[in-house]
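In each ligand, atom 1 is the first atom listed, and ligand 1 is the first ligand listed. Just so you know, these numbers come straight off a predicted model, no measurement behind them. Residues take their numbers from the sequence shown, with the count starting at 1.
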Amino acid sequence: MKHKLKIKICGMKFDIQKISDLLPDFIGFIFYPNSPRFVGFDFVIPKLKNKILKTGVFVNESEENILKMKKKNKLDFIQLHGMESPFYCERLFQKGLNLIKVFRINDFFDFKKIIDYVPFCTYFLFDSDTIYYGGSGQKFCWKKLHEYTFQVPFFLSGGIGIQDFDKIQNFYHSEIFGIDINSKFEFFPGKKDDIKLKTFIKKIKKL
Ligand SMILES: O=C(O)c1ccccc1N[C@@H]1O[C@H](COP(=O)(O)O)[C@@H](O)[C@H]1O
């Protein structure tokens, strides 16, 4: 690993200030109406601790709406969790947005299809390929990521829970940047378990 792994807590809806006290590097908010973690398009993100980076998660959303949300909430990153094309990413990139493009991985995923996204994305995020766009709580086979050879750093995601710590510790990839956690740290959608999060973050930060 080139650096300390970053932590991104995603799908926040409740107790935002309390969770920001745990000092994750990124906090994500879901701007996708079909998600149980949808915060609503009128949502105003409360002031977060320190330099926690605010990420807006969108699924096949209009460019206009993304720009509106970015401006309203001063989003540091835009996570695109749907079928957004390289052309669409290019347009947002040209407007100065920092992008995290998500790819849903299965055993047959062809990493060559990522190449056209490379110039426009700050990070990639690898999630599991399920019937849902995200927040499925399902894991994919991380070994598959050894086929990823581009140099855009990535977040590892998809059903990661506290019990995965040893697996994370033993996983090596030169481009892994951070761990994205969501549904496995919840009492119910959007309400995170601060004790579990605290334990996990402490362990990851010690790596
Ligand atoms: O959490 C959601 O409801 C969601 C809905 C639509 C797109 C993305 C969503 N969440 C993201 O999914 C991944 C994996 O989450 P999980 O650990 O499997 O629960 C994560 O990046 C969430 O931000």
Side-chain angles (χ1 to χ4, degrees), residues 5-16 19-20 22 24-41 43 45 48 52-62 65-66 69 73 75-84 88-89 98-106 109 117 121-142 144-145 152-165 167-168 171 176-194 196-197 199-201 204:
L5 280 176
K6 305 286 182 200
I7 295 279
K8 176 164 170 285
I9 303 177
C10 217
M12 288 298 308
K13 208 166 159 180
F14 308 104
D15 306 330
I16 296 164
I19 299 299
S20 79
L22 304 177
D25 302 286
F26 297 68
I27 288 190
F29 301 91
I30 311 282
F31 292 99
Y32 175 51
N34 292 344
S35 165
R37 301 177 185 85
F38 177 50
V39 286
F41 290 118
F43 182 67
I45 301 174
L48 301 180
I52 299 176
L53 297 163
K54 288 182 277 185
T55 305
V57 179
F58 298 88
V59 176
N60 304 327
E61 191 48 74
S62 70
N65 229 358
I66 291 184
M69 288 299 118
N73 276 306
L75 297 173
D76 299 291
F77 284 89
I78 304 296
Q79 179 171 325
L80 299 171
H81 227 104
M83 322 278 266
E84 300 84 5
Y88 181 84
C89 292
N98 299 314
L99 303 183
I100 302 174
K101 177 70 187 104
V102 178
F103 296 96
R104 298 202 305 276
I105 309 299
N106 60 31
F109 187 82
Y117 292 86
C121 297
T122 311
Y123 304 114
F124 290 143
L125 184 147
F126 297 126
D127 190 6
S128 311
D129 184 30
T130 70
I131 54 164
Y132 304 102
Y133 279 110
S136 68
Q138 302 291 311
K139 272 204 276 295
F140 66 94
C141 176
W142 298 352
K144 184 74 186 168
L145 295 180
V152 175
F154 67 85
F155 286 93
L156 183 60
S157 181
I160 295 176
I162 199 153
Q163 76 290 351
D164 293 312
F165 176 75
K167 220 177 140 202
I168 292 170
F171 177 77
I176 188 166
F177 176 72
I179 306 293
D180 180 289
I181 50 182
N182 180 27
S183 59
K184 293 290 183 193
F185 289 83
E186 289 182 329
F187 294 116
F188 56 83
K191 171 99 172 162
K192 301 311 198 230
D193 180 335
D194 59 319
K196 249 190 194 178
L197 281 171
T199 311
F200 184 75
I201 292 175
I204 292 288

Q.
Quick check on contacts: which atoms of ligand 1 are under 4.0 angstrom from a heavy atom of Gly159?
A. 16 (P), 17 (O), 18 (O)
Q) Among all residues two or more places apart in sequence or in another chain, which pass the salt bridge (Lys or Arg N to Asp or Glu O under 4.0 Å) test with Asp15? A) Lys191
Q. Can you tell me the protein heavy atom closest to atom 11 (C) of ligand 1 and the distance?
A. His81 CE1, 3.5 Å
Q: Check each of Pro189, Ser35, Gly134 against atom 3 (O) of ligand 1 and report the one with the nearest heavy atom.
A: Ser35
Q) What atoms of ligand 1 come within less than 4.0 Å of a heavy atom belonging to Gln79? A) 21 (O), 23 (O)
Q: Using the side-chain hydrogen bond (donor to acceptor under 3.5 Å, both in side chains) rule, pick out the option among Gln138, Arg104, His81 that qualifies with Asp127.
A: His81
Q: Report yes if some N/O of Lys8 lies less than 3.5 Å from some N/O of ligand 1; otherwise report no.
A: no
Q. Do Asn34 and Tyr133 meet the criterion of a side-chain donor-acceptor pair at a distance under 3.5 Å?
A. no
(Q) When you compare ligand 1 with Asn182, is there at least one nitrogen or oxygen pair between them that comes in under 3.5 angstrom? (A) yes
(Q) Please confirm whether Gly11 approaches ligand 1 to less than 4.0 Å, judged on its heavy atoms. (A) no
Q. Closest heavy-atom contact between Phe41 and Met69?
A. O-CE, 2.9 Å
Q.
Please list, in number order, the atoms of ligand 1 under 4.0 Å from a heavy atom of Ser157.
A. 13 (C), 14 (C), 20 (C), 21 (O)
Q: Considering heavy atoms of the protein only, find what lies nearest to atom 23 (O) of ligand 1 and give residue, atom and distance to 0.1 Å.
A: Cys10 SG, 2.7 Å
**Q.** Summary of salt bridge (charged side-chain N to carboxylate O under 4.0 Å, His left out) pairs that have at least one residue in residues 27-39, sequence neighbours excluded
**A.** Arg37-Glu186
Q) Does at least one non-hydrogen atom of Ser136 fall below 4.0 angstrom from an atom of ligand 1? A) yes
**Q.** Aromatic ring pairing Phe103/Phe124, orientation class (parallel under 30°, perpendicular over 60°, tilted between)
**A.** perpendicular
Q. How far is atom 19 (O) of ligand 1 from its nearest protein heavy atom, and which residue and atom name does that atom have?
A. Ser183 OG, 2.4 Å
**Q.** Heavy-atom nearest neighbour in the protein, as seen from atom 21 (O) of ligand 1, with distance rounded to 0.1 Å
**A.** Asp180 OD1, 2.9 Å
Q) Does ligand 1 have a heavy atom under 4.0 Å from the side chain of Ile30, from its backbone, from both, or from neither? A) side chain
Q: Kindly assign one of parallel, tilted or perpendicular to the pair Phe31 and Phe58, based on the angle between their ring planes and the thresholds 30° and 60°.
A: parallel
(Q) Using heavy atoms and a 4.0 Å limit, tell me yes or no: is Arg37 in contact with ligand 1? (A) yes
Q: Go through the steps for Leu197 and Ile181 under the test side chain to side chain contact (heavy atoms under 4.5 Å, CB included), then give the verdict.
A: CA-CA 9 Å; Leu197 281 171; Ile181 50 182; 3.5 Å; yes
Q: May I ask you to check whether Val59 has an N/O atom sitting below 3.5 Å from an N/O atom of ligand 1?
A: no
Q.
Under a 4.0 angstrom heavy-atom cut-off, which atoms of ligand 1 come close to Tyr32?
A. 6 (C)
(Q) In terms of relative ring orientation, are Phe77 and Tyr123 parallel, tilted or perpendicular, with 30° and 60° separating the classes? (A) tilted
Q: Check each atom of ligand 1 against the heavy atoms of Gly137 and keep those under 4.0 Å away; list them by number with element.
A: 16 (P), 18 (O), 19 (O)
Q) Using 30° and 60° as the class limits, which term best fits the ring planes of Trp142 and Phe171: parallel, tilted or perpendicular? A) perpendicular
(Q) Suppose we measure from atom 10 (N) of ligand 1 to each protein heavy atom; which comes out shortest, and what is that distance? (A) Gly135 N, 3.4 Å
Q: Quick one: do Asn182 and Lys8 satisfy side chain to side chain donor-acceptor pair (under 3.5 Å)? Show the steps, please.
A: CA-CA 9 Å; Asn182 180 27; Lys8 176 164 170 285; over 6 Å; no
